[in-house]
Structure formats: C-alpha cells, structure tokens
Visitor: 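Questions regarding the structure given below will be posed in turn.
Here is how names work: the chains are called A, B, and so on, in the same order as the sequence lines, proteins then strands, and each is numbered from 1. The figures here come from the full heavy-atom set of this structure, side chains too, leaving out hydrogens, waters and symmetry mates.
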Amino acid sequence: MGSGSSVNVNYKYSLQKSENAFKAAVLIQRWYRRYVARLEMRRRCTWRIFQSIEYACEQDQIKLHNFFSYLMDHFTPSSSKERDFISRMFVSGESVKEAELEKYCDYESLEVPDSYTGPRLSFPLLPDHATALLEAFKQKQQLHARYVLNLLHETRKHLKQLPNISHVSTCYSEEVTVCGDLHGQLDDLFLIFYKNGLPSPSKSYVFNGDFVDRGKQSLEILIILFTFLLIYPKEVHLNRGNHEDHMVNLRYGFAKEVMQKYKVHGKKILKMVQNVFCWLPLATLIDQKVLVIHGGISDTTDLDMLEKIQRNKPRPTQAPSMTNRLEFSRWVRQTVQEQIEWCRRLVDISESEDEELTYSSMVSLTDLDGPCWTRQEEWKQILDILWSDPMPQEGCKVNTVRGGGCYFGPDVTGKILEKYNLQFLIRSHECKQEGFEFCHNRKVLTIFSASNYYEIGSNRGAYVKLGPDLIPHFVQYQANKTAHTLTMTQRISRVEESAFRALREKLFAHTSALISAFKAYDTDNTGRISLSNWATAVESVLRLGLPWRMLRPQLVRSTADGMLEYKSWLDDLAMEQRSQEHIQSSLLEVIYRNRSNLETIFRIIDRDHSGLISFEEFHQTWKLFSSHMNIELTDDGINDLVRSIDFNKDGNIDFNEFLEAFRLVKQSQ
Amino acid sequence: MENNHSTVVVFPDGAVAEIEKKIIEAFEVFDQGGDKTVSIRDIGSIVRSLGCFPTEAELHELLANIEKEEPTGYIHLEKFLPVMTKVLLDRSYRPIPEDVLLHAFEALDENKCGYITKEELVKYMTGEGEPFTEEEMEDMLSTALDPETNTLHYRDYILKLIVE
C-alpha cells in the first residue's frame with residue numbers, strides 16, 4: 001500500500017498541478033481578451049472621431065454655400081464695388097473661351113533655362129518620359145512649368161474626345177487594376193506601381209477620382225497620371241472625383257499647393273487644371289458588367305443620359321446645396337427677379353463664352369431645355385455619381401452630410417444592376433480601414449487607395465484586380481515605414497492622440513455655445529455639471545454623433561465626486577489653443593471655428609492668387625461675415641484688428657501671415 | 001469572482017438611465033450600418049470594453065440569454081440592452097486584480113525564473129483553459145515576446161496589459 005499511496009500522492013499532485021495550470025491559463029486568457037477588446041474599442045472610437053470631423057468639414061462646405069445664398073438674399077450691395085465683389089464670389093472658376101485659354105496658359109514662350117536639371121518632356125510622350133518623371137519625383141525634383149502646361153494642354157486635347165463613360169475590356173489586357181482615392185499621397189502611388197507594375201499594354205489601370213487635395217503631392221500625382229494616360233490611352237482610364245473641382249480645391253489644399261510650388265506660373269497651371277478636370281470622364285465600364293464611379297448612384301441614375309450630356313459644363317457644386325430641393329425652389333422663386341437683373345449686368349460686363357453658366361443664369365435658364373433635359377437634371381446626374389454614399393437601409397435619401405448626391409440602399413443598387421445588366425459596382429469616396437469594403441450583399445465594393453489617410457497608422461490602402469472572370473483580388477498596403485515598426489498598441493495610441501487633438505480643437509471652437517449648454521443644466525450656478533449631463537450637452541453643441549461617455553476619460557482629466565468644473569475645463573482647452581492674449585477670445589473662437597471657411601473666402605477674393613488682399617477687401621469680407629454670423633464688431637474693432645496684423649504696414653494683408661498671427665495654420669501646412 | 005445575486009438592490013432612476021446610455025454608446029461604436037445591429041463576433045468586445053471580464057463560457061451563456069431563437073449572426077440593440085444592463089447592475093464578470101494575474105503567470109513559470117518561453121506560452125495558451133485561436137496566439141506572441149530571447153517577461157508584460 002506504501003507504493004500505492006505514493007502513486008496516489010503523485011497523481012493527486014499532478015492533478016492539482018494541471019488544475020492550477022488550467023485555472024492560470026483561463027485567467028491569463030480572460031485578461032488578454034479584455035485587453036484586445038479595449039484596444040479594438042479605442043481603434044473604432046478614433047476612427048469615428050476622424051470620420052465625423054471629416055464629414056462635418058464637408059458640411060461646412062454646405063454652410064458656405066448657404067452663406068453665399070444668404071448673401072444673395074439679404075445683402076444689398078450699396079455700391080458697384082460691392083456688387084462686383086459679390087458677383088466675383090459667385091462667378092468663380094471662369095470658363096474662358098478656348099482660344100483665350102490657350103493664349104493665357106501659353107507655354108511655348110516659356111524658356112527652360114540650361115540650369116534646369118529636371119525631366120524634359122517632348123510630345124508625343126514615350127515610356128521613357130514616364131520613368132524619368134517617376135525618378136525625378138522620387139528625388140523631389142519639380143517639373144518645369146513649361147512642361148506642366150504643355151502636358152495639361154495635351155491632356156485636355158485627349159480628354160475632350162473621350163466619351164463620358166469609358167469602356168475597358170479584360171480580353172485585351174488580361175487584368176484590370178482599379179485604384180481609389182489617392183488624395184495627393186504620392187508615396188501610395190509609388191507603392192502601387194512597385195507592387196503591381198507600371199501601366200503598359202498588358203496592364204490596364206482605372207483611377208477612380210480624388211487624385212488631389214489634402215496630401216502634399218497632388219500635382220505630382222496628376223502629372224504622372226496624365227503622362228501615363230497619354231502614353232497608353234487604351235490602357236489607362238481616369239474617372240472624375242468630387243475633388244476634381246475648383247471650389248473644392250480652393251478649400252482642401254490643391255490650389256495652395258500649386259501656388260506654393262509655382263509662384264510665377266501657378267495661376268496658369270490652376271486655370272488649365274480646372275479646365276482639364278471638367279473634361280475627365282464620369283465613369284468606366286469593365287466588360288459591360290462592372291460599373292466604376294467615384295461616389296455612387298441614386299434612384300434616378302440614368303446611364304443613357306450620362307452618356308449623352310455635356311460633361312464639361314461648370315461644376316455642380318457652385319449651386320447652393322441641392323440637398324433640400326424644396327428650399328432650393330423656394331429660393332429660386334424668391335430671387336428670380338434679382339437673378340435676371342444680375343444676368344443682364346453680367347452679360348454686359350463679361351466676355352464669357354455662350355456655354356458659361358453663372359449661378360444666376362442657371363436659374364433663369366432652368367426652363368429653357370438643353371437636348372431634352374434641364375440643366376438641373378444633368379447636374380443632378382453628375383452630382384449623384386460623384387458624391388453619393390451607400391447605406392444599409394433600403395431607399396434613397398438626400399445626402400445631407402456631404403451636401404451633394406444621395407445615400408442609396410441595396411434596393412437602389414439592385415435596380416441599377418438589373419436595369420443595365422451589371423454584376424457589381426466599384427466606387428471609392430469613403431476611407432475604409434482595410435482599404436476596401438463590400439456592402440449591399442457584395443454588390444458594391446468601396447476601394448480606397450490612400451493609406452494612413454487620417455494619420456500614420458489609421459488605415460491601409462488597397463487596389464483591386466479583375467480578370468476576365470471578374471472576381472476581385474485585393475492587395476493592401478501601408479505606405480509608411482514607421483507604421484510597420486510600431487506595435488499595434490503604439491499605432492493606435494498615435495492615431496488616437498491625433499484624433500483627440502483635433503477633437504479638442506473643435507471643442508475649443510465652440511466654447512461659448514458649450515458654456516451656454518452647460519449653464520442650462522447648472523441652474524444653481526455652481527459652475528459644475530454631472531458627467532452624464534456633460535455628455536448630452538457636448539453632443540447637442542457639436543453634433544458629431546460621437547460616443548462621448550466612452551471618450552470622456554481622455555477629454556476630462558479631473559472631476560470631484562462625479563462633477564466637472566466646466567469653466568476651468570474649458571480654460572484648460574483654451575490654453576492649448578490660444579496665442580495672442582490681446583485678441584478677444586470670442587473673436588479668436590469665431591475665427592477658429594470658421595477657419596477653413598475664411599480661408600476659402602479669402603482665396604476666392606484673392607482672384608489673382610497673389611496671396612494679398614487689401615484692407616478694404618478684408619473689411620468688406622468681415623462685414624459680410626458678421627452680418628451672417630451675428631457677431632458684433634464695430635468698424636473700429638475691425639480696423640484695429642486689421643492694423644494690428646499688417647506687420648509691414650504696406651496696406652496689404654498677406655493671408656498666411658494673418659492666419660499665422662492667430663496660429664491657425666496647422667504645423668503641417 | 002462569484003456573482004452575488006442574493007441581495008436586491010434598488011438603484012436611483014438616474015443610475016440606470018446612465019448605464020443604459022453607456023451601453024448604447026458602446027454598442028453604436030460597433031454598429032457599422034447604423035441599423036442598431038452588431039455582428040455576434042463583436043459582442044465580446046463590447047461587453048469587455050464596458051469593464052467586464054467574462055470567460056468565453058460566460059460570454060456564450062450571455063449570448064444564449066440574448067438570442068434565444070435561431071442565431072442570425074446579428075444581435076439587435078433591443079435584445080442586448082436589457083441583458084447588458086442587468087450585467088452591469090449586478091456587477092457580473094468583475095475584473096481580476098493584478099496580483100492574481102501575477103500568480104497565474106507564476107503558476108505557469110515552473111522554474112520561477114521570471115519568464116516563460118515561447119513554446120511554453122503557446123502550449124498553455126492553446127492547450128489549456130479556453131484555448132486561443134491561431135490568430136489570438138499570433139497576436140499575443142507579436143506583442144508579448146521579447147524578440148531577442150523569444151521569451152515572455154511576465155512582470156513587464158502585466159504592466160503593459162493593465163495600462164490602457
């Protein structure tokens with residue numbers, strides 16, 4: 001029995017040991033799974049923050065349009081100067097007669113100095129030119145303005161003879177590669193070419209719009225894409241995106257980039273690019289089965305109409321937001337008389353081509369038909385293609401977030417696919433964490449090619465390849481070496497930091513509104529608010545639809561027994577943002593909140609893109625602004641403000657200096 | 001970590017409403033389509049990010065409570081909210097204190113040398129308890145192992161795990 005009992009003891013011991021191991025393992029696994037879940041939650045919250053701020057920005061664009069229409073309604077120009085001023089705001093992006101365009105953007109007279117070491121282009125372009133350009137851009141060289149303009153002219157000539165809808169067939173080049181938004185991120189394009197190969201007779205590419213804005217190398221991307229377009233016209237196809245648009249470029253960075261890189265000829269280049277954008281095709285059809293468009297579709301999308309309309313008509317976004325049709329028609333009725341008057345004045349002054357449509361003339365021409373459709377109907381077709389987003393619910397509703405296009409449901413997708421005998425849609429327009437995403441039961445594919453779009457580590461980019469079987473194959477990437485070396489936790493932290501910084505900026509910009517909202521809960525005027533009410537109040541002011549209770553630990557540091565002292569919290573926020581003390585903080589707040597609006601307006605005023613506006617122009621702008629924004633600032637107040645920032649006292653304001661004075665220009669710009 | 005259901009506690013109205021708001025927020029973060037449903041696979045993340053430490057078995061039990069009929073792969077907020085509210089009110093699935101976690105690692109560290117080898121870790125995590133999937137194992141290895149020695153120094157790792 002002795003040996004038996006020792007065996008028993010051994011057995012008991014090992015049983016206990018394995019029990020312990022089991023329990024220990026469960027504990028560790030529980031902890032680990034919880035850790036991963038927290039990380040996932042943080043990642044998604046961060047994503048939400050960026051997305052909601054991005055879309056809120058696009059909503060600002062609507063507000064800008066509404067601002068302009070408000071101007072039209074309420075601001076009675078008291079002098080011809082002011083009338084000119086406003087009309088300039090509306091008649092922006094002048095469509096110029098072709099001959100005049102050629103003359104103004106002439107490149108032949110531009111001499112290229114011998115000292116120039118960059119690539120020299122000659123037409124027709126050859127593959128060697130493309131590789132030279134790629135190499136040059138990798139070395140951070142700049143293409144001489146002459147060649148840029150030449151390229152743009154030739155691109156325009158080529159695009160003009162293309163139909164609205166391009167056709168690609170997989171029987172000629174076995175595979176077609178479709179790329180989504182690039183947004184000026186040249187590194188991503190390099191990565192795509194590296195992984196997938198350059199365009200060639202056996203390698204077709206479709207680039208699905210949004211080549212420019214936000215990223216810093218939009219022009220380089222355009223140059224490369226246009227070059228390949230001209231070298232391999234059968235294999236390279238470009239679709240227009242909502243960012244291939246002058247008004248959007250003024251706001252989101254492309255116009256600025258061009259002016260910074262080409263100080264002398266930037267204006268010409270911008271003018272040419274604007275024209276080229278108008279001639280970009282609207283859609284691509286692969287094997288008659290896969291429709292590739294930048295944004296999406298609507299329940300009224302009509303491919304036959306899209307094929308026939310004149311796509312180079314002035315940008316749809318110039319109109320007041322078409323989102324609320326009722327509001328729009330009411331507005332139309334109200335101001336038709338004014339518009340007709342305006343129209344007459346403009347016809348007297350301008351030398352524009354017949355096809356130029358000003359805001360106002362569009363309105364008065366609404367009842368005159370084109371072929372069989374109204375201009376409005378045509379514009380809606382284009383707007384829908386360029387701006388729409390898919391939604392999970394059935395139906396089709398106006399896209400109020402973007403200010404253009406629709407939200408379209410799976411039933412809308414189904415109908416379009418059936419009507420035109422298609423297999424699925426490929427679109428871009430929305431950033432996706434994995435670079436691509438299916439929806440509508442795999443009938444709609446979103447492909448997004450700008451990696452690290454919000455911040456390093458925020459998302460992957462991807463492209464999709466289709467063979468004759470039309471089965472999509474995806475390749476994902478992330479164009480940043482640092483992103484690879486960071487651990488997942490570090491990556492998430494970094495992106496998170498960036499998101500919260502942006503969020504704190506937004507909170508600061510709404511300080512006054514927040515104080516009012518908090519006070520509504522703090523009836524006893526204790527200066528404190530419960531955290532629950534804090535969340536509700538913040539959402540009511542910012543309307544970003546964010547999970548504030550989840551985010552709270554990172555936004556609010558110290559609380560006393562569950563109550564927040566909101567004044568000091570807001571003061572802490574302000575300390576991060578404030579620069580000059582003698583500027584009234586409420587003014588700073590207003591400027592901050594409307595920073596990008598202001599910038600756009602300034603760029604519109606600064607017609608000659610000189611970067612300078614006069615005191616008077618500034619004054620007028622401010623008056624318009626305050627009349628709309630209900631700010632009380634006396635004329636003296638404005639004058640003081642202006643004088644304090646004209647550092648060199650030459651009566652002109654360099655816009656960048658103005659913004660810098662308030663440190664409103666972000667470090668990266 | 002046992003749940004104490006023996007006492008009936010009365011909560012002020014405000015507290016329950018606040019808890020519900022928290023749950024709805026967490027749910028909506030994972031609700032990609034905006035139609036008040038999330039994939040079953042995400043329920044674990046949601047429950048855990050609300051402060052709970054359920055085992056996989058407890059999670060399955062919870063899901064069974066929520067989705068009594070044929071599982072569709074999607075959970076609707078309507079069904080999730082009352083069940084999760086009760087979980088939070090009952091304080092089910094309490095967190096594990098760090099020292100208990102330390103003991104757990106020490107129990108697996110036979111030689112008491114302060115670290116666990118990669119092989120041992122894989123053996124325990126995929127062979128014992130509620131085993132990791134291949135993906136989970138790879139994930140943990142990539143963040144937990146010291147790349148030079150291929151070992152897990154658990155005291156340091158615990159610090160990483162508990163800091164959020």
Side-chain angles (χ1 to χ4, degrees), chain A residues 17-49 390-394 407 409-410 432-433 437 439-440 487-490 492-493 530-533 535-536 539 545-554 562, chain B residues 1 14 17-18 21-22 24-30 32-35 37 42 44-59 93 95-96 98 100-101 103-108 110 121 124-132 136 139-140 142-144 154 158 160-162 164:
Chain A
K17 193 164 154 261
S18 68
E19 247 184 58
N20 284 343
F22 184 92
K23 281 196 187 140
V26 173
L27 272 169
I28 296 172
Q29 286 151 350
R30 258 167 97 180
W31 244 109
Y32 181 76
R33 287 178 168 129
R34 203 264 165 164
Y35 167 73
V36 167
R38 274 292 293 161
L39 222 51
E40 180 62 21
M41 177 59 89
R42 277 167 68 192
R43 195 171 69 98
R44 291 195 186 224
C45 280
T46 303
W47 192 255
R48 283 276 169 132
I49 293 175
M391 65 175 177
Q393 303 90 348
E394 303 222 318
Y407 285 119
K432 296 293 177 192
Q433 223 148 1
E437 192 174 276
C439 66
H440 293 188
T487 64
M488 182 172 60
T489 323
Q490 283 174 318
I492 292 181
S493 301
S530 78
L531 291 170
S532 169
N533 290 335
T536 320
E539 176 58 26
L546 290 175
W548 294 104
R549 287 168 188 81
M550 290 263 132
L551 304 175
R552 205 238 318 131
Q554 257 134 325
Chain B
M1 314 299 129
E18 187 57 19
K21 285 196 194 133
K22 258 199 201 149
I24 295 174
E25 260 193 10
F27 189 91
E28 285 182 343
V29 172
F30 284 84
Q32 297 201 316
D35 60 352
T37 64
D42 290 330
S45 302
I46 299 175
V47 172
R48 289 175 169 123
S49 57
L50 282 164
C52 303
F53 281 69
T55 61
E56 292 291 286
E58 286 168 331
L59 207 53
Y93 319 133
I96 309 163
E98 295 144 37
V100 176
L101 186 58
H103 288 324
F105 275 110
E106 285 174 342
L108 301 182
E110 298 204 8
L121 187 65
Y124 285 120
M125 293 294 106
T126 58
E128 296 278 358
E130 292 179 321
F132 275 170
E136 283 175 311
D139 250 349
M140 186 184 193
S142 68
T143 54
Y154 48 84
I158 289 178
K160 206 200 259 190
L161 274 186
I162 63 182
E164 292 192 352

Visitor: Please examine the side chains of H103(B) and N20(A), heavy atoms only from C-beta on, and report whether any two atoms are closer than 4.5 Å.
Guide: no
Visitor: Heavy-atom distance under 4.5 Å to chain A: side chain of A107(B), backbone, both or neither?
Guide: side chain
Visitor: Is R44(A) close to chain B through its backbone or its side chain, or both, or neither, when contacts mean heavy atoms under 4.5 Å?
Guide: both
Visitor: Pick one of side chain, backbone, both or neither for F105(B), based on which atoms fall under 4.5 Å of a heavy atom in chain A.
Guide: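 Its backbone and side chain both get close to chain A.
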Visitor: Does K432(A) NZ have over 12 foreign heavy atoms under 6.0 Å away?
Guide: yes
Visitor: I want to check something: taking the side chain as every heavy atom from C-beta on, are R549(A) and K21(B) in contact at a cut-off of under 4.5 Å?
Guide: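 Touching, per the 4.5 Å side-chain cut-off.
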Visitor: Q29(A) side chain to G129(B) main-chain N or O, any donor-acceptor pair under 3.5 Å?
Guide: no
Visitor: Would you call F30(B) and M41(A) a side-chain contact if the rule is heavy atoms closer than 4.5 Å?
Guide: yes
Visitor: Report, as yes or no, whether the 6.0 Å neighbourhood of atom CD on E98(B) holds more than 12 heavy atoms from other residues, nucleotides or ligands.
Guide: no
Visitor: Which pair of heavy atoms, one from E25(B) and one from L546(A), lies closest together, and at what distance?
Guide: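 Distance-wise, the nearest heavy atoms are OE2-O, 4.3 Å.
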Visitor: How many angstroms lie between CD1 in I28(A) and CG in L121(B), if you round to the nearest 0.5 Å?
Guide: 7.5 Å
Visitor: Can you confirm whether E136(B) sits close enough to R33(A) that some side-chain heavy atom of one is under 4.5 Å from a side-chain heavy atom of the other?
Guide: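 Touching, per the 4.5 Å side-chain cut-off.
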Visitor: Could you check which of P547(A), A25(A), S530(A) has the highest count of heavy-atom pairs closer than 4.5 Å to chain B?
Guide: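 With the most close heavy-atom pairs to chain B, the winner is P547(A).
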Visitor: Taking all non-hydrogen atoms of both residues, which atom of R34(A) and which atom of C52(B) are closest, and how far apart?
Guide: CG-O, 3.6 Å
Visitor: Can you list everything that forms a side chain to side chain contact (heavy atoms under 4.5 Å, CB included) with Q554(A)? Sequence neighbours excluded, please.
Guide: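 For Q554(A), the residues satisfying side chain to side chain contact (heavy atoms under 4.5 Å, CB included) (neighbours in sequence not counted) are E496(A), F500(A).
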Visitor: If you count heavy-atom pairs under 4.5 Å between each of L531(A), L27(A), V26(A) and chain B, which one has the most?
Guide: L27(A)
Visitor: Indicate the ring-plane relationship of F132(B) and Y32(A), choosing parallel, tilted or perpendicular according to the 30° and 60° boundaries.
Guide: tilted
Visitor: Is it the case that E18(B) and S532(A) place a side-chain donor and acceptor less than 3.5 Å from each other?
Guide: yes
Visitor: Output yes when a side-chain donor or acceptor of R30(A) lies under 3.5 Å from a complementary backbone atom of F53(B), and no otherwise.
Guide: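 Yes; at least one donor-acceptor contact below 3.5 Å.
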Visitor: Using a 3.5 Å distance criterion without hydrogens, assess whether the side chain of W31(A) forms a donor-acceptor pair with backbone atoms of L101(B).
Guide: no
Visitor: Apply ring-ring contact (aromatic ring centres under 6.0 Å, His included) to W548(A) and list each qualifying residue two or more places apart in sequence or on a separate chain.
Guide: none
Visitor: Please report the shortest heavy-atom distance between S45(B) and E40(A), naming the atom on each side.
Guide: OG-CG, 4.5 Å
